[in-house]
Amino acid sequence: MGKVDRKKLESEVYKIVGEIPFGSVVTYGQLARLAGFPQCARMVGYAMAHTPEASGLPCHRVVNSQGRIAPNWPEQRALLEQEGICFRTNGCVDLHKYMWKEISHLDG
DNA sequence: CACGTGACCCTAT
DNA sequence: TATAGGGCCACGT
């Protein structure tokens with residue numbers, strides 16, 4: 001196995017992110033698996049952190065496996081709340097409630 | 001070239 | 001329910 005093709009990973013991930021429906025969230029790990037890079041959740045995070053603002057992609061709908069939003073980006077919470085997503089007292093979204101249904105089978 | 005870092009994830013304690 | 005540690009891999013210094 002050679003090195004990961006970051007460009008390929010990015011294009012695949014961005015394509016999927018663009019399809020996340022309003023009011024739903026997806027985890028980094030799920031994105032990695034859907035994109036065909038199951039061991040690269042970290043790279044997905046890297047890609048998200050470098051997503052051009054001009055892309056218009058709904059990267060705020062991507063959270064970690066605990067439903068926690070990205071550090072150093074508090075705005076993400078407001079963006080999700082605008083879509084009707086409520087936060088628990090521990091600061092996480094309820095994945096069982098807001099997970100993108102079409103891919104929720106990738107959980108376990 | 002070696003090392004530290006990060007919008008991560010899983011298992012064990 | 002919390003923390004700790006290992007694995008992961010590209011990137012910048």
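Residue numbers begin at 1 in each chain, while the letters A, B, ... track the order of the sequences.
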Atom pair distance, as rounded to whole Å: CD in Gln76(A) and C1' in dA7(B): 8 Å

Heavy-atom side-chain proximity of Asp94(A) to Cys86(A) below 4.5 angstrom: no

Atom pair OG/CD1 of Ser11(A) and Ile16(A) - distance to nearest 0.5 Å: 9.5 Å

NZ/NE/NH1/NH2 to OD/OE distance under 4.0 Å, Arg77(A) and Glu81(A): yes

Phosphate OP1/OP2 of dC9(B) contacted by Ser65(A) side-chain N/O (<4.0 Å): yes

Sugar-phosphate, base or nothing in reach of Ala70(A), heavy atoms under 4.0 Å: base

d(OH, Tyr28(A); C1', dC8(B)) in whole Å: 8 Å

Trp73(A)-Val62(A) co-clustered via ILVMFWY side chain contacts under 4.5 Å: no

Review item, nucleotides 2-9 of chain C N/O atoms under 3.5 Å of protein N/O:
{"from": "dG7(C)", "atom 1": "O6", "to": "Arg42(A)", "atom 2": "NH1", "distance (Å)": "3.4"}
{"from": "dC8(C)", "atom 1": "N3", "to": "Arg42(A)", "atom 2": "NH1", "distance (Å)": "3.4"}

Length of the CZ-C1' vector between Arg88(A) and dT1(C), whole Å: 12 Å

dG7(C) to dA7(B) separation - P atoms, rounded to the nearest Å: 22 Å

Over all atoms of both residues, closest heavy-atom pair of Arg61(A) and Ile20(A): NH1-O, 2.8 Å

Donor-acceptor pair present, Tyr46(A) side chain and dA10(C) base, under 3.5 Å: no

Between C1' of dA7(B) and CG of Leu79(A), the distance in whole Å: 14 Å

Nearest-angstrom distance from the residue atom NE2 of His50(A) to C1' of dA10(C): 10 Å

Side-chain donor-acceptor contact under 3.5 Å, Glu10(A) with His50(A): no

For atom CD of Gln66(A) and atom P of dC8(B), their distance in whole Å: 11 Å

Same apolar cluster: Leu79(A) and Leu57(A), side chain cutoff 4.5 Å: no

Trp73(A) CH2 - dC8(B) P separation (whole Å): 13 Å

Atom-pair distance (CG on Leu34(A); P on dC9(B)), nearest Å: 13 Å

